[in-house]
Amino acid sequence: MEVKAALGQIKSIRISSFKGIGTPLLVLAALGMVVLPIPPFLLDILFSFNISLALVILLVAIYTDRPLDFAAFPTVLLIATLLRLALNVASTRVVLLEGHNGGDAAGKVIEAFGSVVIGGNYAVGLIVFLILIIINFAVVTKGAGRISEVSARFTLDAMPGKQMAIDADLNAGVLTQEQARIRRAEVTKEADFYGAMDGASKFVKGDAIAGIMILVINILGGFIIGMLQHGLDFSTAAEIYTLLTIGDGLVAQIPGLLLSIAAALMVTRQNESGDMGKMLISQMFESPKALAIASGLLFTMGIVPGMPHVAFLSFAAITAGTAFYIQKRIKTKKEEALELAIKGPSEIKDKEPKDLSWDDVRHVDTIGLEVGYRLIPLVDKGQGGELLGRIKGVRKKLSQELGFLVPAVHIRDNLDLSPNAYRISLMGVVVGEAEVRHDCELAINPGQVYGKLDGIETTDPAFGLEAVWINAEQREHAQTLGYTVVDTATVVATHISQVLTNNAAKLLGYEEVQQLMDMLARQSPKLVDGFIPDIMPLGSVVKVMQNLLNEGVSVRDLRTIVQTLLEYGSKSADTEVLTAAVRIALKRMIMQELSGPELEIPVITLAPELEQMLHKSMQATGGEGPNIEPGLAERMQQSLLSAAQKQEMVGQPAILLTSGMLRSTLSRFVKYTIPNLRVISYQEIPDEKQIRIVSAVGQ
């Protein structure tokens, strides 16, 4: 087995060593044909090979998906042109040396093209040859050369812009380093290809000019050699050498024309992946309108007296039938798309029952929005729905404020809901629902208005304020009365924003925290190195950050959070203690969000006797929270609510200042009953800030 493997390896090495000798052999063969005499039999083989090579190159150019996939085409074009010119030299030598012996003296291929293709008439052959030269030189080659020149110039001019676009995508995170490297290589390859095609088109153009010159030289040389050296009369020499020269020229020009067409196809194609034939058919026959009009014109021409009725009417019928078929196919596709939109892909794909799989298990969406059927226009872009754009804006704003990427909102219709209702869910649990009217606008009472509006009275789903559904024509009148008027998409988006803000802690999990750590590691690798799990497990970090979000503190300043956890994580595993330490480290940011740049902070405090009583209660329960009597809890709640409302009325933040021992407990106590009241500890007041007690809540 080892011997066989070794022999196979040696064989593969030998084969691979011969793979790259094809091109050098062709170049050497071309030089040999120029220098050495070629027998007629070998000349026939080489002419057949030349025609076959031109056909293969043309077909490869047609079936290549993109021009860059055949990047070797300019080199192939050059080699094929040199081979054909060398064949011209070799065949010219044979024609002039052996032409007096008869039509087959230069080989069967030249004889066939000189007698069979043009019927043995050198006048006809000369005209056909000149027409081929004109087509190749004046039409195909000239047009392809111009396109190659323009494409090369535009590609080189656009190269710096493409490189800058790749760098921008790389910096924005759209591309990885490997993808950017591949894109840069493609841009360079494209510039090299079109530059090479610009040069290769000059070879094709020169080949067409050389064909004319070789024809004239061969005919004149044949006359001189035939009449002076071999004693032929003028008519015989003219017939023999003209037929042989024209046959030789046709044998060379037909492959040249094929290569010119291949070059023209390559430079006229766009740099897009796709089969050229399919692209042409799909783009030309995409709309039946053009075919229908063409059919009408053909029919009109067919019924004109004196015109060939059968030909025109036949093509009119074929064109009309094709137009009808395309129109029917477009209609069928629209019906299938409509059916897919109504029934869903699963019902159409498989109507027969199949075995259950894990794909049938539906997991809950992190954030879900279900709408009734009358609200579908709000989420359908085709019907001008703006809700998707508003939700995207809400996610972007919250992600910037909270400090992590808010998950996407998955929207679906629900026929079980009332037509105008929507429902917001987190982890499959409903956290908000309301009814709205997509054809109306909501006029919200901000607290003081100067009149009433005619409409449907309701409440704002986000903040519970009094509101009225009005027509769009009433907007200006409502605004003059002091109402805040918003459209339905804004109402739903604001409700989603409020729900997500209140439940931010539920949106942050292990995956999000790990991504935040990865981002910080790219900026400060030494800070994160060894933090998880050496200092703290990931679960504890998640819990601390959830506590911060639950108390309305952003996690944007991730560096400060990690630095604090690095300092205190080895001293305590209690996430409440760690949360308090992080809050103290973030005290400037917390106070900035609460009171802005003001140096004096208005605060609400607890009466000393009440605070002392709560401290003793916590000590009695072992620090698990004070044991508050229900009546006292209700009075505290009412007093704190009244104090917070007074602060709101004067346009100041509602802040409850207490000791660090009571802060987390009181924060949970007021979170849902008085959501606008923020609880801070004495340690969280920055040194440069001063406090002003505006109210003291007693028993």
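Just so it is clear, the model here is predicted, and its values are computed rather than measured. Excluded from the calculations below are hydrogen atoms, water molecules and symmetry mates; all remaining heavy atoms, backbone and side chain alike, are included.
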Taking the side chain as everything from C-beta on, heavy atoms only, tell me whether E466 gets closer than 4.5 Å to E457.
no

Please check: side-chain N/O of S617 versus main-chain N/O of M613, any donor-acceptor pairing under 3.5 Å?
no

Exam field: side chain S642 to backbone Q638, donor-acceptor pair closer than 3.5 Å:
no

Counting N and O atoms only, with roles assigned by atom type, does the side chain of N471 sit under 3.5 Å from a partner on the main chain of Q474, one being a donor and the other an acceptor?
no

Just wondering, more than 12 heavy atoms not from E611 lying within 6.0 Å of its CD?
yes

Can you tell me if R423 uses its side chain to pair, donor with acceptor, with the backbone of V371 under 3.5 Å?
no

What's the separation between atom CD in Q523 and atom CG in L558, rounded to the nearest 0.5 Å?
8.5 Å

Determine whether a donor-acceptor pair (N or O, by modelled atom type, separation under 3.5 Å) exists between the side chain of H495 and the backbone of G432.
no

Does S554 reach the main-chain N or O of E401 with its side chain, forming a donor-acceptor pair under 3.5 Å?
yes

Under 3.5 Å, is there a donor-acceptor pair linking the side chains of R559 and S524?
no

Does CD belonging to E648 count more than 12 external heavy atoms closer than 6.0 Å?
yes

Of the options R678, R668, K671, R663, which is the one that meets E551 in a side chain to side chain donor-acceptor pair (under 3.5 Å)?
R663

Got a sec, which residues hit ring-ring contact (aromatic ring centres under 6.0 Å, His included) with Y483, two or more places apart in sequence or on another chain?
none

Between T501 (side chain only) and S497 (backbone N and O only), is there a donor and an acceptor less than 3.5 Å apart?
yes

Which one of N550, V555, T575 satisfies the side chain to side chain contact (heavy atoms under 4.5 Å, CB included) criterion with M545?
V555

Heavy atoms, side chains only, cut-off 4.5 Å: are E684 and M591 in contact?
no

Report yes if some heavy atom in the side chain of Q479 is under 4.5 Å from a heavy atom in the side chain of T484; otherwise report no.
no

Check step by step if salt bridge (charged side-chain N to carboxylate O under 4.0 Å, His left out) holds for D487 and R390.
CA-CA 11 Å; D487 56 38; R390 301 289 174 82; 3.1 Å; yes

Is it the case that the side chain of E512 and the backbone of G509 share a donor-acceptor pair, with hydrogens and angles ignored and the cut-off at 3.5 Å?
yes

Check this for me, if you would: do E600 and K689 make a salt bridge, where the nitrogen-to-carboxylate-oxygen distance has to be below 4.0 angstrom?
no

With a cut-off of 6.0 Å (strictly less than), are more than 12 heavy atoms of other residues, nucleotides or ligands near CD1 of I693?
no

Mind checking whether I604 and L657 have side chains closer than 4.5 Å, heavy atoms only?
no

Would you say D454 has more than 12 foreign heavy atoms packed within less than 6.0 Å of its CG?
no

Close side-chain approach of Q690 and I601, heavy atoms under 4.5 Å:
no

Tell me, yes or no, whether the heavy-atom count around M427 atom CE, taken from other residues, nucleotides or ligands under 6.0 Å, exceeds 12.
yes

Flag the pair L426 / I367 as yes when at least one side-chain heavy-atom distance between them is below 4.5 Å, and no otherwise.
yes

pair V429-V364: side-chain heavy atoms closer than 4.5 Å:
no

Between R395 (side chain) and V406 (backbone), is there a donor-acceptor pair under 3.5 Å?
yes

Pair M536-L565, side chain to side chain contact (heavy atoms under 4.5 Å, CB included): steps then yes or no:
CA-CA 8 Å; M536 287 183 64; L565 294 179; 3.7 Å; yes

So for atom CZ, which belongs to R437, do other residues, nucleotides or ligands contribute more than 12 heavy atoms lying within a distance under 6.0 Å?
no

Do S418 and E435 pair up side chain to side chain, a donor and an acceptor below 3.5 Å, judged on atom types alone?
yes

Surrounding CD of E688 (heavy atoms of other residues, nucleotides or ligands, distance under 6.0 Å), is the total greater than 12?
yes

Look at D365 together with R412 and state whether they make a salt bridge at an N to O cut-off of under 4.0 Å.
yes

Short side-chain to backbone donor-acceptor contact, E593 and I590, under 3.5 Å:
no

